[in-house]
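Everything below concerns the one structure shown next.
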Amino acid sequence: MKKTGRMHASRTILLAIVLLGACSCQGSSAGDGGQVSSGRAPETRARTCETKSRLTFTSGIRTIFEDSRGRFWFGSHQEGVALCDGGALTYYTVKEGLSDNQVRTIQEDQAGVIWFGTGNGITSFDGDTFKIHVGSNNGLAHPDHVGTWRSAVGDLWFHGDSEMRRGFDGQGVYRYDGRSLSYLALPLPETVDKENPYLVTDIVKGRGGTVWIATFPGVFKYDGHSFTLISDDTVGIEAGSERLHVRSIFEDSRGDLWIGNNGLGVLRYDGKTVSNFTNAHGLSIREKGQSRSLGRIFSIAEDAAGNIWFGTRDNGAWRFDGESLTNFTIQDGLTSNMVWTIYRDKRDALWFGMGDGSVSRFNGDSFDRIY
């Protein structure tokens with residue numbers, strides 16, 4: 001691993017987390033949270049996840065989710081979703097009822113129903129039956145289900161760009177309030193670049209009912225009453241310079257918003273100003289080159305110790321301890337240098353969804369492949 005930063009402080013001591021109840025595919029004990037014991041594998045619901053019936057995914061892991069029953073779901077880029085339940089893997093695709101085989105987000109509602117935001121619509125699964133709520137040929141008729149903007153604790157939020165397949169501009173989101181699913185159009189600026197529309201790339205729920213919505217050209221903040229837009233203008237990007245191309249966002253435990261760009265790197269918003277974190281650490285693509293920079297950010301998470309993690313397209317994962325950055329790559333156990341998603345489970349372990357279709361878990365020093 002490579003460590004860099006303004007101060008080479010001693011490494012943050014990682015807490016040992018006993019991963020009781022986690023599934024461990026392919027017989028290893030890995031961790032998605034920044035804190036996992038590097039000793040003997042903990043007792044889990046199952047030592048292995050059976051993969052004999054089918055090869056593992058190859059198109060990349062877009063999302064990871066642990067449901068209320070302790071089961072883990074792995075959403076792929078093009079091959080549907082895998083459920084790791086105890087010692088068995090079950091695969092679901094459009095043949096079983098998904099609206100699309102690209103699974104971008106996985107959530108659970110208050111009734112225990114699992115929801116999938118896909119590349120073409122939204123599907124729910126109650127354990128027995130799949131139901132397509134939005135899709136090319138199914139579900140809601142957009143003009144009849146335009147909702148009113150509001151936010152509540154149990155809401156589920158989904159990308160709205162599937163509307164593009166249905167004759168609309170797709171620059172909005174869906175909100176499920178436990179009863180109905182509504183489409184909400186984003187309050188767009190007066191001028192919108194048709195070549196770079198406000199298609200949604202990430203959604204996170206923050207403090208006090210705040211919802212952050214990332215789009216390629218900027219980030220919308222909805223506080224339950226009004227909107228704030230972080231854009232090229234508010235960041236201070238001049239015409240002719242590289243523009244915002246947001247792929248991921250994350251609100252940390254201190255309330256700061258981290259913005260991951262595909263090109264500009266990491267931006268940090270403290271509620272008042274936006275600063276370029278990547279440039280401040282001398283890790284821009286311009287300075288370091290694509291393979292050694294913190295420039296193309298696809299995922300962001302925080303571990304139990306308060307360290308911020310960044311998943312990149314080109315050179316693995318980076319951990320920021322508040323003072324310095326440590327880079328983890330395939331030399332530290334990652335199976336790919338593309339980290340598409342980082343997920344912190346209920347035991348504070350960090351799971352990493354990789355570009356090669358595998359899943360790794362951090363063990364405190366390196367990474368163990370579990371799927």
Side-chain angles (χ1 to χ4, degrees), residues 17 19-25 30-33 44-46 49 56-57 59-86 88-93 96-119 121-127 130-131 133 153-159 174 176 178 200-205 211 248-251 298-304 309 311 339-354 357-362 370-371:
I17 301 298
L19 298 177
L20 297 176
C23 76
S24 181
C25 307
D32 156 335
T44 60
R45 292 177 60 204
C49 276
T56 55
F57 292 141
S59 63
I61 302 295
R62 301 263 320 225
T63 184
I64 300 171
F65 178 73
E66 180 186 10
D67 66 23
S68 58
R69 296 169 58 183
R71 305 176 302 175
F72 284 86
W73 298 82
F74 307 139
S76 74
H77 182 50
Q78 293 293 346
E79 299 162 276
V81 64
L83 168 62
C84 183
D85 182 8
L89 276 169
T90 305
Y91 292 87
Y92 301 103
T93 67
E96 286 71 42
L98 284 174
S99 58
D100 193 73
N101 281 335
Q102 183 180 103
V103 180
R104 300 176 178 178
T105 62
I106 307 173
Q107 303 174 70
E108 183 176 7
D109 67 21
Q110 295 179 348
V113 176
I114 305 299
W115 291 72
F116 306 97
T118 77
I122 301 166
T123 308
S124 65
F125 180 54
D126 63 7
F130 286 90
K131 180 180 179 181
H133 298 264
V153 173
D155 290 347
L156 305 184
W157 297 82
F158 303 92
H159 303 52
Y174 282 96
Y176 178 67
V200 177
T201 57
D202 201 4
I203 305 173
V204 299
K205 298 169 71 172
V211 180
S248 58
I249 51 176
F250 180 79
E251 183 182 290
F298 277 51
S299 53
I300 308 173
E302 182 176 8
D303 66 26
W309 290 75
V339 180
W340 211 321
T341 186
I342 308 173
Y343 178 75
R344 178 173 164 182
D345 73 13
K346 296 173 184 177
R347 289 153 299 278
D348 291 327
L350 291 184
W351 300 60
F352 294 75
M354 312 304 296
S358 67
V359 176
S360 295
R361 202 166 58 199
F362 187 58
I370 61 171
Y371 171 81

Side-chain heavy-atom pair [X], [Y] within 4.5 angstrom cut-off:
{"X": "Tyr371", "Y": "Leu89", "answer": "yes"}
{"X": "Trp340", "Y": "Ile61", "answer": "no"}
{"X": "Glu96", "Y": "Phe125", "answer": "no"}
{"X": "Leu156", "Y": "Asp109", "answer": "yes"}
{"X": "Ile203", "Y": "Phe158", "answer": "no"}
{"X": "Phe130", "Y": "Leu98", "answer": "yes"}
{"X": "Val339", "Y": "Met354", "answer": "yes"}

Any idea which heavy atoms bring [X] and [Y] closest together, and the distance?
{"X": "His77", "Y": "Arg62", "answer": "ND1-NH1, 3.2 Å"}
{"X": "Lys205", "Y": "Gly154", "answer": "NZ-C, 4.1 Å"}
{"X": "Ser299", "Y": "Thr341", "answer": "CB-CA, 3.6 Å"}
{"X": "Ile249", "Y": "Asp202", "answer": "N-OD2, 3.0 Å"}
{"X": "Val200", "Y": "His159", "answer": "O-CD2, 3.0 Å"}
{"X": "Glu66", "Y": "Arg347", "answer": "OE2-NH2, 2.7 Å"}

[atom1]-[atom2] distance between [X] and [Y], expressed to the nearest 0.5 angstrom:
{"X": "Ile64", "Y": "Thr105", "atom1": "CD1", "atom2": "OG1", "result": "13.5 Å"}
{"X": "Trp115", "Y": "Thr123", "atom1": "CH2", "atom2": "OG1", "result": "9.5 Å"}
{"X": "Glu108", "Y": "Gln110", "atom1": "CD", "atom2": "CD", "result": "10.5 Å"}
{"X": "Phe65", "Y": "Asp345", "atom1": "CZ", "atom2": "CG", "result": "11.5 Å"}
{"X": "Phe72", "Y": "Leu83", "atom1": "CZ", "atom2": "CG", "result": "11.0 Å"}
{"X": "Asp85", "Y": "Trp73", "atom1": "CG", "atom2": "CH2", "result": "8.5 Å"}

**Item:** From CA spacing to verdict: side-chain contact (heavy atoms from CB on, under 4.5 Å), Phe250, Trp309
**Value:** CA-CA 10 Å; Phe250 180 79; Trp309 290 75; over 6 Å; no
**Item:** Test: Asp67 and Arg69 ion pair at under 4.0 Å
**Value:** no
**Message:** For Ser124 and His133, which I'm curious about, is there any donor-acceptor pair between the side chains at under 3.5 Å?
**Reply:** yes
**Asked** Checking Glu79 side chain against Ser59 main chain: does a donor-acceptor pair fall under 3.5 Å?
**Response** yes
